[in-house]
Colleague: 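Provided herewith is a single structure, encoded as structure tokens, for subsequent inquiry.
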There are 2 protein chains.
Amino acid sequence: MDGYPDRPRRAARQESLREHNLALVARTVLLAPEPPSRADVAARTGLNRATVSRLVAELVAGGLLSEDDPVAAGAGRPATPLRPAAGTVAGLGLEINIDFVGARLVDLAGRVVAERMTPGHFRDSAPDEILGLAAHLGRQTLESAPDVPTAGTGLALPGLVRENRLLTAPNLDWHDLDPADVLIRAAPELGPVTLGNEARLAALAELATDPAASFLYVSGEVGIGAAIVRDGEIVTGVHGFGAELGHLMVDPGGHRCRCGATGCLETVAGTDALLEAAGLPGASMAELAERLVTGEAQARAAVERAATALGQALAAFVNLVDVPTIVLGNTLAQLTEALRPGIEAELGTRVLAARWAPPQLRTAAPLAHPALTGAARAALAPVVDDPSAWLSRVRAD
Amino acid sequence: MDGYPDRPRRAARQESLREHNLALVARTVLLAPEPPSRADVAARTGLNRATVSRLVAELVAGGLLSEDDPVAAGAGRPATPLRPAAGTVAGLGLEINIDFVGARLVDLAGRVVAERMTPGHFRDSAPDEILGLAAHLGRQTLESAPDVPTAGTGLALPGLVRENRLLTAPNLDWHDLDPADVLIRAAPELGPVTLGNEARLAALAELATDPAASFLYVSGEVGIGAAIVRDGEIVTGVHGFGAELGHLMVDPGGHRCRCGATGCLETVAGTDALLEAAGLPGASMAELAERLVTGEAQARAAVERAATALGQALAAFVNLVDVPTIVLGNTLAQLTEALRPGIEAELGTRVLAARWAPPQLRTAAPLAHPALTGAARAALAPVVDDPSAWLSRVRAD
DNA sequence: CGGATAAGTTGTGCAGCGCAACAAACAATG
DNA sequence: CATTGTTTGTTGCGCTGCACAACTTATCCG
């Protein structure tokens with residue numbers, strides 16, 4: 001039932017072979033933990049050394065890969081290590097969230113080329129104004145690195161995104177918008193703008209550490225978002241959204257949620273709800289973590305309750321979607337160890353397959369505003385996934 | 001973030017082109033609602049007419065496709081309709097369930113070539129004995145159609161399947177088995193045996209009506225299984241299982257479930273649980289449906305409770321996985337209309353994206369033991385997905 | 001210093017597709 | 001009933017792109 005070749009969707013011609021193998025070689029180098037030689041790439045991909053040489057030549061000429069100085073390792077001709085080119089192609093990540101707007105320019109090598117950040121309070125804000133600010137930050141960021149060509153822009157938003165439109169962002173009180181259009185009008189140099197859900201793009205950033213991983217990324221913010229990653233790919237529902245973990249019901253008789261239903265996970269384990277229950281409204285998660293150390297009862301109780309609710313929701317998730325690992329990100333990352341016992345207890349009893357595949361729980365890689373980096377990566381994705389198209393664009397200049 | 005070409009995984013050589021396009025042409029004909037001509041196939045796939053002709057010739061020679069008599073449609077040379085070949089390749093489906101063991105031989109055209117069924121009571125049964133019975137039924141079925149070459153066998157089981165092993169089937173009380181091995185020893189002529197979860201294979205049968213559909217298939221049995229189908233493909237979790245809808249928690253303080261947790265959906269809406277709550281233990285769903293017509297209070301209350309629970313579980317599912325359609329199958333199919341109001345009420349309030357994409361609810365296509373057909377289709381899948389391999393096997397004879 | 005070894009390059013052969021021209025089979029028209 | 005127009009399917013040719021093998025290059029080692 002599995003393991004068969006990808007379902008063929010469109011005709012493959014001679015040209016498709018090139019596109020496919022070019023992408024294969026590019027990915028192999030871009031995602032390798034250590035810079036591989038041409039011979040390494042040939043061995044890993046199954047392509048002939050001669051073919052790899054030809055393809056690498058194209059990719060180097062197009063500025064996607066670069067060669068290091070040859071290094072000898074034992075006998076034989078020294079290998080020429082290949083690595084992602086730095087500073088030749090970049091993607092711009094933008095993020096609009098409740099408490100800040102930011103821009104980050106990231107190149108193929110994963111280096112942050114430039115960054116701009118504006119803190120603020122954008123709850124119930126005017127979309128055009130904030131999008132204008134984002135466009136401005138993006139423009140500034142691009143201008144600060146004028147010699148780096150940009151493939152496009154990714155925009156992370158805390159809401160429901162579908163077909164490159166924002167359906168709703170409850171915490172911003174934004175609804176039914178076309179932010180990509182607004183951005184492009186304000187700053188055409190941003191190039192094609194791709195929208196993405198904040199949690200999903202944060203998951204994309206998390207992937208940088210292990211490009212072929214499978215996990216559920218849980219992003220704790222005011223709300224609770226999530227994204228499913230399977231073998232290094234974000235799993236998308238039919239409509240483009242999904243993984244709305246925050247609105248899983250954990251308490252049929254619980255509080256009413258902003259979404260209209262009752263007993264949603266967010267009403268128990270969302271940042272604001274949790275801090276309020278702990279008797280620390282307006283505080284930060286870090287402060288809450290401190291209170292736990294001193295052993296304050298109300299804080300403990302609130303965290304325990306949140307952990308149980310999270311555990312139940314995650315168990316439901318794992319039963320339905322079967323992911324091996326759960327990654328806690330953003331504000332939840334700071335509480336991982338406090339939450340662990342409660343979450344693991346629920347996972348242990350409720351996950352049907354726990355005996356054979358106990359879900360692992362871990363903290364996200366430390367990185368401020370991961371969705372910014374994820375958005376930049378999303379903007380670079382077309383280049384990585386289809387280098388041929390980018391190369392012909394480069395040649396056209 | 002979406003719509004980019006499939007991630008390249010292995011090297012593509014000239015031969016890969018052929019394999020790809022051969023599969024493309026085969027699929028186009030096999031899944032077409034009406035028999036298409038070569039010219040139709042060329043238009044739909046984007047391949048050149050000449051190429052299609054070459055590929056079709058191979059597929060016809062290999063017994064995968066057959067030509068109808070040419071029919072004139074308006075001006076021009078009459079087109080030669082192409083259709084799946086009947087009786088030249090078949091897959092054998094086996095199913096072991098609580099109340100029967102069955103075998104069904106299905107050819108590429110979807111025709112049932114032969115079938116054998118043995119009713120019984122196999123709860124807490126001896127695996128070797130029942131697998132022997134299944135092997136015997138399979139052998140008989142194959143012998144009754146000796147001139148139809150078989151690609152292999154699919155085996156549907158009501159339990160957790162992973163890497164072609166049965167981890168657990170609580171209702172059979174079978175655990176940690178390798179049924180494929182047992183079958184092949186007992187009847188080598190069954191060929192390669194692929195295991196599959198009952199709900200998942202039933203979903204595969206449901207796909208026959210609309211080969212590119214996306215839906216959640218909910219299979220009501222003693223337990224409640226489910227399978228996610230996205231664009232005509234079964235979505236598999238990382239470990240191979242997932243979609244364990246029956247063990248979603250709907251009532252934190254509810255009954256203890258066989259799985260060890262409390263308040264699972266199965267304990268409210270599973271066939272046995274539902275009938276018991278309705279005051280009809282041991283009856284059939286059809287009888288329950290009748291009682292509803294006469295307006296019996298206890299039956300009504302039980303169904304309403306089940307509908308609400310199902311609605312909550314399905315809402316959770318849709319929020320997490322984002323499927324547009326929910327298909328109720330097996331025993332649940334008979335209650336669809338009785339359950340609809342309760343389910344839709346919950347979906348309406350709990351599904352975050354309901355405003356933009358309200359989930360549809362419908363009954364499965366009428367077909368006895370759909371998992372049998374699905375298992376047969378699963379056995380045929382390798383042929384459909386990689387015709388080249390099958391063709392060279394045919395040529396080798 | 002020469003042999004062993006591995007990396008990368010060059011030239012040839014072959015598979016497989018698109019393209020264009022062509023043959024086949026029918027309908028419409030006067 | 002012959003001619004024209006239209007669509008289907010086939011044939012021959014040329015191009016793309018990969019594998020393969022032989023070769024060159026650059027290093028290590030004895």
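Here is how names work: the chains are called A, B, and so on, in the same order as the sequence lines, proteins then strands, and each is numbered from 1.
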Colleague: Would you find a donor on one side and an acceptor on the other, under 3.5 Å apart, between the side chain of Thr80(B) and the backbone of Pro70(B)?
Modeller: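 Side chain of Thr80(B) to backbone of Pro70(B), a donor-acceptor pair under 3.5 Å: no, none is there.
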
Colleague: May I ask you to evaluate whether Asn21(B) reaches the phosphate of dG16(C), defined as a side-chain N or O under 4.0 Å from OP1 or OP2?
Modeller: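 Checking dG16(C) against Asn21(B), no side-chain N or O comes under 4.0 Å of OP1 or OP2.
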
Colleague: Rounded to whole angstroms, how far apart are CD on Glu19(A) and P on dG17(D)?
Modeller: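 From Glu19(A) CD to dG17(D) P: 9 Å.
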
Colleague: Let me know the distance between CG of Leu17(B) and C1' of dG18(C), rounded to the nearest Å.
Modeller: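 Roughly 12 Å, once rounded to whole Å.
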
Colleague: Applying side-chain contact (heavy atoms from CB on, under 4.5 Å), run through Leu190(A) and Thr150(A) and close with a yes or a no.
Modeller: CA-CA 8 Å; Leu190(A) 296 184; Thr150(A) 307; over 6 Å; no

Colleague: In whole Å, what is the span from the CG atom of Leu82(A) to the C1' atom of dA7(C)?
Modeller: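 Answer to the nearest Å: 11 Å.
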
Colleague: So that I can tick it off, tell me whether Glu34(A) and Arg44(A) are bridged by a salt bridge, with the cut-off set at under 4.0 angstrom between side-chain N and carboxylate O.
Modeller: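 No salt bridge links Arg44(A) with Glu34(A).
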
Colleague: Rounded to the nearest angstrom, tell me the gap between atom NE2 in His20(B) and atom P in dG17(D).
Modeller: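 Answer to the nearest Å: 16 Å.
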
Colleague: Between dG17(D), dG9(D), dC17(C), spot the one nearest the side chain of Ala79(B), thanks.
Modeller: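 The nucleotide sitting nearest to the side chain is dG9(D).
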
Colleague: Taking atom CZ of Arg13(A) and atom NE2 of His20(B), what is their separation to the nearest 0.5 Å?
Modeller: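 One gets 10.0 Å once the value is rounded to the nearest 0.5 Å.
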
Colleague: Please produce a list of atom pairs where a protein N or O lies less than 3.5 Å from an N or O of nucleotides 23-30 of chain C.
Modeller:
{"residue": "dA25(C)", "atom": "N3", "partner": "Arg77(B)", "partner atom": "N", "Å": "3.4"}

Colleague: Judged by atom type as modelled, is there a donor-acceptor pair below 3.5 Å linking the side chain of Glu206(B) to the main-chain atoms of Ala365(B)?
Modeller: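 Yes; at least one donor-acceptor contact below 3.5 Å.
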
Colleague: Could you give the CZ-to-C1' distance, from Arg18(B) to dC18(D), as a whole number of Å?
Modeller: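 After rounding, the gap between these two atoms is 16 Å.
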
Colleague: On DNA chain D, check which nucleotide each of Arg13(B) and Thr80(B) is closest to and give me the residue with the more 5' one.
Modeller: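 Residue closer to the 5' terminus by nearest nucleotide: Thr80(B).
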
Colleague: With nearest nucleotides of DNA chain C determined for Asp40(A) and Ala12(A) from heavy-atom distances, which residue corresponds to the more 5′ nucleotide?
Modeller: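 The residue whose closest nucleotide sits nearer the 5' end is Asp40(A).
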
Colleague: Determine, for Arg9(A) against Glu233(B), whether the closest basic-nitrogen to carboxylate-oxygen distance falls under 4.0 angstrom.
Modeller: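 Between Glu233(B) and Arg9(A) there is a salt bridge, with a charged N closer than 4.0 Å to a carboxylate O.
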
Colleague: Enumerate the residues from residues 45-56 of chain B whose closest heavy atom to DNA chain C is under 4.0 Å, giving them by residue number; use none for an empty result.
Modeller: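 Within this stretch, Leu47(B), Asn48(B), Ala50(B), Thr51(B), Arg54(B) sit under 4.0 Å of the strand.
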
Colleague: Measure the distance from CG on Asp68(B) to P on dG9(D) and round it to the nearest whole Å.
Modeller: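 Distance check: Asp68(B) CG to dG9(D) P gives 12 Å.
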
Colleague: Keeping Thr28(A) on the side-chain end and Leu24(A) on the backbone end, is there a donor-acceptor pair under 3.5 Å?
Modeller: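 Yes, Thr28(A) side chain to Leu24(A) backbone: donor-acceptor pair under 3.5 Å.
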
Colleague: Would you say the side-chain atoms of Arg377(B) pair up with the backbone N or O of Leu204(B), donor to acceptor, closer than 3.5 Å?
Modeller: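 Present.
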
Colleague: Starting at atom CD of Glu15(A), determine the distance to atom P of dG14(D), rounded to an integer number of angstrom.
Modeller: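 Computing the Glu15(A):CD to dG14(D):P distance gives 21 Å.
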
Colleague: Is Asn164(B) reaching over with its side chain to a backbone N or O of Thr194(B), donor-acceptor style, under 3.5 angstrom?
Modeller: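 No, because the side chain of Asn164(B) does not come within donor-acceptor range (under 3.5 Å) of the backbone of Thr194(B).
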
